[in-house]
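Each remark here refers to the structure printed beneath this line.
In each ligand, atom 1 is the first atom listed, and ligand 1 is the first ligand listed. These numbers come from a predicted model, not from an experiment.
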Amino acid sequence: MPGARRVWQARGVTVTDGLRVGRQGGREVRGACHHDCPDTCAWIATVDDGRAVRLRGDPDHPLTAGELCPKVNRYLDRVYHPDRLLTPMRRVPGSRKGDPSFEPIGWDEAIDLVAGRLADAVAAHGPETVLPYAFAGTQGLVQMGMMADRFFDALGATRLHRHLCGVTAWLGAADVHGLPDGMDPEDLRHSRTILLWGTNTLVTNRHLWSSLEAARADGATVVVVDPIRTTTAERVDHHVQPRPGTDVALVLGMVHVLARDGHVDRDFLDRYTTGADELLASARPFDPAATEAATGVPAATVEWLATTFATRRPAAVRVLVGLEHRQHGQEAHRALAMLPAVTGAWRDVGGGLCRSTQQYFDRVLLDPVPRRVGAERPRAVNMAALGEVLVDGTHRGVPLDPPVTAMVVHNCNPASITPDQNAVLAGLARDDLFTVVMEQFMTDTARYADVVLPATTQVEHLDLMNSWGHLYLSLNRPAIDPVGDALPNTEVFRRLAVAMGLDAPGLADDDETMVRQLLDSDHPWLDGIDLERLDAEGWVRLNVPVGYRPPVDGPIETPDGRLRLGALDPTPGDETPDGARRADPDRAARYPLGLMTRKQHTRFLNSHYGGFADHHPREASGGDGTATGPVLDVHPVDAAARGVVDGDLVRVFNDRGSMELPASVVDRVQPGLVAVPFGWWGRGVNALTNPTVGRNIGSAAFHDTLVQVERLGDGPGAQDQEDA
Ligand SMILES: Nc1nc2c(c(=O)[nH]1)N[C@H]1C(S)=C(S)[C@@H](COP(=O)(O)OP(=O)(O)OC[C@H]3O[C@@H](n4cnc5c(=O)[nH]c(N)nc54)[C@H](O)[C@@H]3O)O[C@H]1N2
Ligand SMILES: Nc1nc2c(c(=O)[nH]1)N[C@H]1C(S)=C(S)[C@@H](COP(=O)(O)OP(=O)(O)OC[C@H]3O[C@@H](n4cnc5c(=O)[nH]c(N)nc54)[C@H](O)[C@@H]3O)O[C@H]1N2
Ligand code: SF4
Ligand SMILES: [Mo]
């Protein structure tokens, strides 16, 4: 293929008979990172004698620019790790769920066993007794859910609302925009004001940093708005530190100042929006003093923030997901989607709301097998409610008939990542629940399985990768054969479909066919982008015009074609310190501290690496470089009130659970707020977290969690784990 030859020669490798040979020998195969991370880095694997020997970031990719992150630059150690699951296994009869007591079986036996048990469950209770539990262990479009969805739809299984990440943020922006595309993040390079609002860019979205640095070199002011002084907050120009859950009040305070000082773009509001008057009216009570009282942000800072956003243009608000994990998450994202309309920031390239780019790909990529709709559509449960679903047999208080008696887990580690962990673990321990876990490692979830099926890693299977942090589509070619007997998720579901006699459209499609199906779209943004081109070039930017400003250059996809502004509700969540004093004073008295459980470690990616010592923070407790687990960040004021000094062992607890760990006394958190990083195995920060979901859809209010902390005694010592 001439295209391939040209491109690959240009990128410093030789192409001979379809084999790409790298400068240092070995076959080179292009791929992209599968992690649930906005960066979707493009990589190049070098394969020697069937073994992947090197994995590096593609130097030509505009964002990856040759660098994989500290989580992934030793990914091949994970691929060839001695603890990799390499064969199907079934639970040793009589062993207790939670104990990793398994015996190997062959694939044929495993597929027969799983198909038979699922068929038995369906025969006894109907197909909705089967619950697929899956998330974004890989966010490759094919391996994440395409075949799995076809399989479970054909079966008629319960549907899972996969809402733990991104959906609440989407809902808030969609309230305003209809279908919210947001800015191209690369356009932040042109911004002069960038508000990183509830996102820890340096840790969670590090390949965006170079765009921010480029903008700063040209004079941009970068601000972090976060209740915690994160690593990112320490590296930017200003840190604004509201009390948790008070963001909507802060936006209202900004709107108040904008209106007072004549910074409202009336022409923009008249041409593109409805509801501006209601928004401005709801901001009227929030003068800077009232905003300071509601948020803890000094009045002068509120004034400065609003004025800077209005006058140092282009001005952008950058959000990801941190802010959504709250009861007020949807309203906060809605508020931030309104802010750029008030000042007309959208007029400028580099101005507007910069959010997940997932919407761009959702528009253009196609799956020709429609999902069941209408009366055909099985019931759905929200993944945040897993504990309740399994233990109480209810979903949001409504009895489930039939109850869930079989669960198939893939791309997910619910024992670690789902809120209300004690309920989840009690559910997984049920003897009458048949649980299949498709995994690469013996995770906290796999330990509860009846059958464990070994899964391939990203260098062993084909996939098409979209991104929620940029506009490049990448092809991931398998570099090596599956390690051991591991199989791609797709192949497992194809085999199960045959074994269960399911006959529905698309169930026999191979992975390459599914990639072609996704790309077989008439959308102009995909014009000229096909499998052949992706094979040749590795990654291609969607044909979105450079400098595209969604509400100005594209249609606004609300019923009347206008952005929907309106009154904002500043009420903090019931389980924040501010909210509980109003909603539940008794709880506020018993559990006076807010707990946040964010992503904090540079070598963690959700729960992927929490069980691997070489990914633990070097600064972790013990002081000798050996991490023993997470630490609790507590402010000196709250520590002193409890007689806690740095390194003491403390207990953090609420009605849902408790956890014992060393305290790290730091002023990075504010008084009334403690924090524990999320992602460690077996340590249970989600034992404390709040499974409440706003309007029944969307993510859980993880960070709206109230706790108390007490001193247990002298501890093993603790060292600061920030940015580690
Ligand atoms: N307290 C607290 N909880 C949180 C969050 C928080 O901030 N605080 N964040 C939430 C968010 S935003 C998210 S996205 C979720 C993440 O929740 P998950 O998506 O469950 O987390 P991961 O650890 O990324 O992936 C889970 C598993 O997928 C497996 N995996 C990877 N690739 C494959 C594959 O190809 N096939 C199969 N079968 N398995 C594979 C990995 O081995 C890993 O164990 O956690 C949520 N939970
Ligand atoms: N190193 C690393 N990178 C990751 C991940 C990881 O586990 N580790 N996970 C990936 C995933 S799945 C996701 S979704 C993204 C998430 O990326 P981010 O959204 O950037 O990360 P989070 O840690 O969830 O939250 C970001 C910030 O929101 C703040 N925050 C919480 N509540 C509030 C609030 O009420 N108001 C304001 N203003 N701020 C608040 C937290 O203090 C936190 O610093 O990161 C991805 N990248
Ligand atoms: S985890 Fe994110 S930053 Fe790291 S290599 Fe993957 S996509 Fe890039
Ligand atoms: Mo996420």
For atom 25 (O) of ligand 2, what's the nearest protein heavy-atom neighbour? Residue, atom name and distance, please.
G322 CA, 3.0 Å
Top protein contact for atom 26 (C) of ligand 2, by heavy-atom distance:
G198 O, 3.2 Å
Take every heavy atom of R603, measure it against each atom of ligand 2, and state whether any distance is under 4.0 Å.
no
H703 neighbourhood, listing ligand 2 atoms whose heavy-atom distance to it stays under 4.0 Å
31 (C), 32 (N)
When T232, L188, V317 are each screened for side chain to side chain contact (heavy atoms under 4.5 Å, CB included) with L196, the one that passes is T232
For atom 14 (S) of ligand 2, what's the nearest protein heavy atom and its distance?
C165 SG, 3.2 Å
Should K71 be listed as contacting ligand 2, given a heavy-atom distance under 4.0 Å as the test?
yes
C41 heavy atoms, cut-off 4.0 Å: which ligand 3 atoms fall inside?
3 (S), 5 (S), 7 (S), 8 (Fe)
Salt bridge flag under 4.0 Å for residues R235 and E213:
no
Show the atoms of ligand 2 that are less than 4.0 angstrom away from any heavy atom in H328.
35 (O)
Compare every heavy atom of H207 with every heavy atom of L63, then report the nearest pair and how far apart it is.
O-CD2, 3.4 Å
For atom 6 (Fe) of ligand 3, what's the nearest protein heavy atom and its distance?
C33 SG, 2.3 Å
Can you sort out which atoms of ligand 2 are near G245, meaning under 4.0 Å from one of its heavy atoms?
35 (O)
What protein heavy atom is closest to atom 36 (N) of ligand 2, reported as residue, atom name and distance in Å?
D247 OD1, 2.7 Å
In terms of ring plane angle, is the pair H615 and Y609 parallel, tilted or perpendicular, where the classes change at 30° and 60°?
parallel
Per-atom filter on ligand 2: closer than 4.0 angstrom to a heavy atom of F604 are 1 (N), 2 (C), 6 (C), 7 (O), 8 (N)
Atoms of ligand 2 close to D36 [distance to a heavy atom under 4.0 angstrom, numbered from 1]
10 (C), 11 (C), 12 (S), 46 (C)
For H207, counting its heavy atoms only, list the atoms of ligand 3 lying under 4.0 Å from any of them.
3 (S), 8 (Fe)
Identity and separation of the nearest protein heavy atom to atom 6 (C) of ligand 2
K599 CG, 3.3 Å
Would you please classify the geometry between the H35 ring and the H608 ring as parallel, tilted or perpendicular, with 30° and 60° separating the classes?
perpendicular
Of all the non-hydrogen atoms in the protein, which one sits nearest to atom 4 (Fe) of ligand 3, and at what distance?
C69 SG, 2.2 Å
So do the side chains of M465 and W539 get within less than 4.5 Å of each other, counting heavy atoms only?
no
Give the single entry among L202, L196, T204, T199 that approaches atom 21 (O) of ligand 2 most closely by any heavy atom.
T204
Numbering the atoms of ligand 2 from 1, which are under 4.0 Å from a heavy atom of T230?
44 (O)
For atom 44 (O) of ligand 2, which of N200, N205, D226 has the closest heavy atom?
D226
Is R243 salt-bridged to D578, going by a charged N under 4.0 Å from an acidic O?
yes
Judged by non-hydrogen atoms, does W468 sit under 4.0 Å from ligand 2?
yes
Quick check on atom 6 (Fe) of ligand 3: does H35 put an N/O/S atom closer than 2.8 Å to it?
no
Contact check, side chains of W681 and S416, non-hydrogen atoms, under 4.5 Å:
yes
Touching ligand 2 at all, H601? Heavy atoms, strictly under 4.0 Å?
yes
Are any of the side-chain nitrogens in R541 or D184 under 4.0 Å away from the carboxylate oxygens of its partner?
yes
Intermediate values then yes/no, side chain to side chain donor-acceptor pair (under 3.5 Å), N413 and T445
CA-CA 6 Å; N413 187 6; T445 306; 2.5 Å; yes
Please identify which atoms of ligand 2 are closer than 4.0 Å to at least one heavy atom of V321.
14 (S), 19 (O)
Do you see an N/O/S atom of C37, backbone or side chain, under 2.8 Å from atom 2 (Fe) of ligand 3?
yes
Provide the number and element of each atom of ligand 2 under 4.0 Å from a heavy atom of W197.
38 (N)
Nearest to atom 9 (N) of ligand 2, what protein heavy atom do you find, and at what distance?
N606 OD1, 3.2 Å
Please tell me whether F441 and F612 form a close aromatic pair, meaning their ring centres lie under 6.0 Å apart.
yes
Salt-bridge contact R326-D247 (side-chain N to carboxylate O under 4.0 Å)
no
Does G679 come within less than 4.0 Å of ligand 2, judged by its heavy atoms?
no
Salt bridge flag under 4.0 Å for residues R656 and E575:
yes
Does the side chain of D226 pick up a donor-acceptor pair with the side chain of Q241 at under 3.5 Å?
no
